[in-house]
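Report on the structure given below.
Within every chain, numbering begins at 1; the chains are lettered A, B, ... in the order of the sequence lines, protein sequences first and strands thereafter.
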Amino acid sequence: MKKEIAITAYKCKQCGKIHYPYHDRCLVCKGREFEKMKPEGDAHLLTYTAIFNLPWGFDQRFLIIGVAEFENHVKAMGQIKVDSVDQLKTGMKVRPSWEPIRVQYGENVYGLKFEPIE
Amino acid sequence: MRDVAIIGAGMIPFGRRDEDTLMEMLAYAALKALDDAAQSDTGHVLPPIDAVYVANMGGGMLQRQTAIASSLVDRLSLMPAAAETIENGPASGASAVKNGLLAIASGYYDCVLVVGGEKMREVTGWRATDFVATMTHPQAEYPYGITLPGMAGMFTRLYMEQYGVTREHLLAISLKNQEMGTLNPYAHVEMALDRDGIFDSPHSIVNNPVTADPLHLYDLCPVSDGAAAIVLCSLELAKKLSKPPVLIAGFGQATDTQTLQEREDPTDLKAVTIAAQKAFAMANLTPADIHVAELHDAFTILEIAESEHVGFFPKGEGGKAALAGKTRLGGQIPINVSGGLKARGHPVGATGVAQLVDIVWQLRHELPANRQVQGAKNGLTVNFGGFGNNVLAFVLKRVEQ
């Protein structure tokens with residue numbers, strides 16, 4: 001079953017600025033009251049990379065990671081489900097999902113993944 | 001506020017130093033800086049060291065050692081000097097210098113020792129990469145496996161698309177800095193690169209594989225062990241010494257959002273611009289007055305981007321300037337004549353201090369001709385923490401006796 005994307009973004013009640021991750025004060029107007037919001041719809045890819053020198057905790061050859069902007073303007077980092085960066089282009093549409101991104105202490109850690117939309 | 005000068009500078013060779021503990025490296029560099037200051041003190045006017053600031057990012061994680069500054073004053077018999085360890089990621093070195101600067105400028109202390117050091121090679125590359133990645137956002141970035149080279153890769157892609165930076169521009173930085181590294185006895189990497197072997201040849205991908213697309217292996221600085229130190233006192237006191245004092249004429253520091261995605265324009269390194277502008281304003285100098293600069297080139301793209309953000313070149317021109325030789329020794333503005341982080345290496349806590357040591361040597365005109373910027377009077381350093389979310393800049397000025 002498809003899991004809900006467990007990311008919460010925060011819209012400043014004073015000026016409307018959308019934040020992810022959380023800040024105690026708005027990056028623009030310093031307001032302290034936020035409306036919680038969920039990333040909505042598909043996203044478009046802002047930038048990406050393929051990392052071949054992985055940090056401790058990743059037992060694989062490489063990782064492809066990018067930052068994407070959702071239809072409601074939430075921006076977030078995620079792993080990208082492709083075999084090569086040759087399959088990617090900035091600006092392309094990607095579909096988000098909430099899937100295992102790493103294993104820690106024998107347990108799956110869930111996070112954002114993006115997959116290009118044909 | 002009192003004017004503050006650097007009166008002692010010392011460094012140990014960077015690289016893989018299996019034979020030394022972190023504390024030994026810090027002590028060796030500190031003794032070199034203290035001896036340098038003492039040599040200059042022919043009239044015996046220098047007071048004892050009032051305080052010691054030690055820059056270190058990973059002692060707690062990599063060596064399981066904390067309270068490092070307290071341990072160093074003991075080792076150096078500097079008691080009862082005050083002592084603090086400063087941790088500010090890869091900008092720890094410049095942050096420690098800032099603390100020394102402010103302490104003397106305020107008049108509270110008269111003589112301060114600043115030491116930066118890191119021992120990164122005793123863990124595997126896997127662990128060292130993870131250690132450096134712990135400075136990324138703990139929920140929004142770190143769990144995904146992002147690394148600092150990965151951040152730089154994403155930044156480079158945007159910079160290439162928006163400003164036309166090419167791999168050829170990045171290559172110009174690698175070739176220049178590694179060539180300079182061969183002349184620097186303190187450099188971790190003393191190996192000139194062969195353009196054909198890492199770029200032109202169809203087999204170059206074997207020698208220079210992609211590490212964080214679009215960055216390749218030789219776009220990245222090495223992971224290093226090393227330490228560097230300086231001694232600071234008031235300019236008034238420094239003028240009584242035999243070596244030309246190097247005045248800290250300007251200082252600036254600025255921060256930015258932790259994640260790149262929350263910056264209005266992720267290619268805009270605002271913290272670099274603001275830190276440099278503050279340093280130039282305090283020194284009453286402009287980028288055109290600078291004769292030599294040490295910029296934080298942990299990745300080749302950063303030397304290009306920083307050379308633009310500090311004001312040496314307009315945005316989009318830094319790569320072309322490097323390719324045209326304008327940043328080489330003898331060029332319009334020599335950048336990273338030491339070899340930079342790219343060749344000297346990047347023991348994270350040491351880097352910000354090492355940059356100042358190299359500029360002090362330049363401004364005292366103490367380097368061999370093949371590394372010396374002739375007649376250099378003013379220098380700039382930029383120490384870049386996180387991915388540009390905490391940046392410090394210093395403008396140094398030679399004071400004629």
Heavy-atom pairs under 4.5 Å with chain A are the metric here; pick the option from P266(B), G150(B), P209(B) that has the most.
G150(B)
Should R121(B) and D18(B) count as an ion pair when the cut-off is N to O under 4.0 Å?
no
Is it the side chain or the backbone of T147(B) that comes within 4.5 Å of chain A heavy atoms, both, or neither?
both
Among the options L46(A), I64(A), I7(A), V67(A), pick out the one with the most heavy-atom pairs lying under 4.5 Å from chain B.
V67(A)
Which one, T156(B), L220(B), L215(B), T129(B), leads in non-hydrogen pairs under 4.5 Å with chain A?
T129(B)
Pick one: which of T211(B), N208(B), L171(B), N177(B) meets side chain to side chain contact (heavy atoms under 4.5 Å, CB included) with Y218(B)?
N208(B)
Identify which part of P143(B) has an atom lying under 4.5 Å from any heavy atom of chain A, answering side chain, backbone, both or neither.
both
SB check E168(B) R195(B) (cutoff 4.0 Å)
yes
Under 4.5 Å to a heavy atom of chain B? For I51(A) that would be both
Please find out if less than 6.0 Å separates the ring center of H188(B) from that of H346(B).
no
Where does Y20(A) contact chain B at under 4.5 Å (heavy atoms): side chain, backbone, both or neither?
both
Electrostatic pair D265(B):K270(B) at N-O distance under 4.0 angstrom
no
How about N56(B) and E87(B): does a side-chain donor come under 3.5 Å of a side-chain acceptor?
no
Out of T259(B), V210(B), V132(B), L217(B), which one racks up the most heavy-atom pairs below 4.5 Å with chain A?
V210(B)
Examine whether an atom of Q258(B) lies under 4.5 Å from a heavy atom of chain A, and if so say whether it belongs to the side chain, the backbone or both; otherwise answer neither.
neither
Under a plain distance cut-off of 3.5 Å, with no hydrogens placed, do Q79(A) and E99(A) share a side-chain donor-acceptor pair?
no
What part of H23(A) gets within 4.5 angstrom of chain B, counting heavy atoms only: side chain, backbone, both, or neither?
side chain
Residue among M151(B), Q139(B), E141(B) with most heavy-atom pairs under 4.5 Å to chain A
E141(B)
So, Q253(B) versus K278(B): side-chain donor-acceptor pair below 3.5 Å or not?
no
Out of F155(B), F131(B), Y144(B), return the one with the most heavy atom pairs under 4.5 angstrom to chain A.
Y144(B)
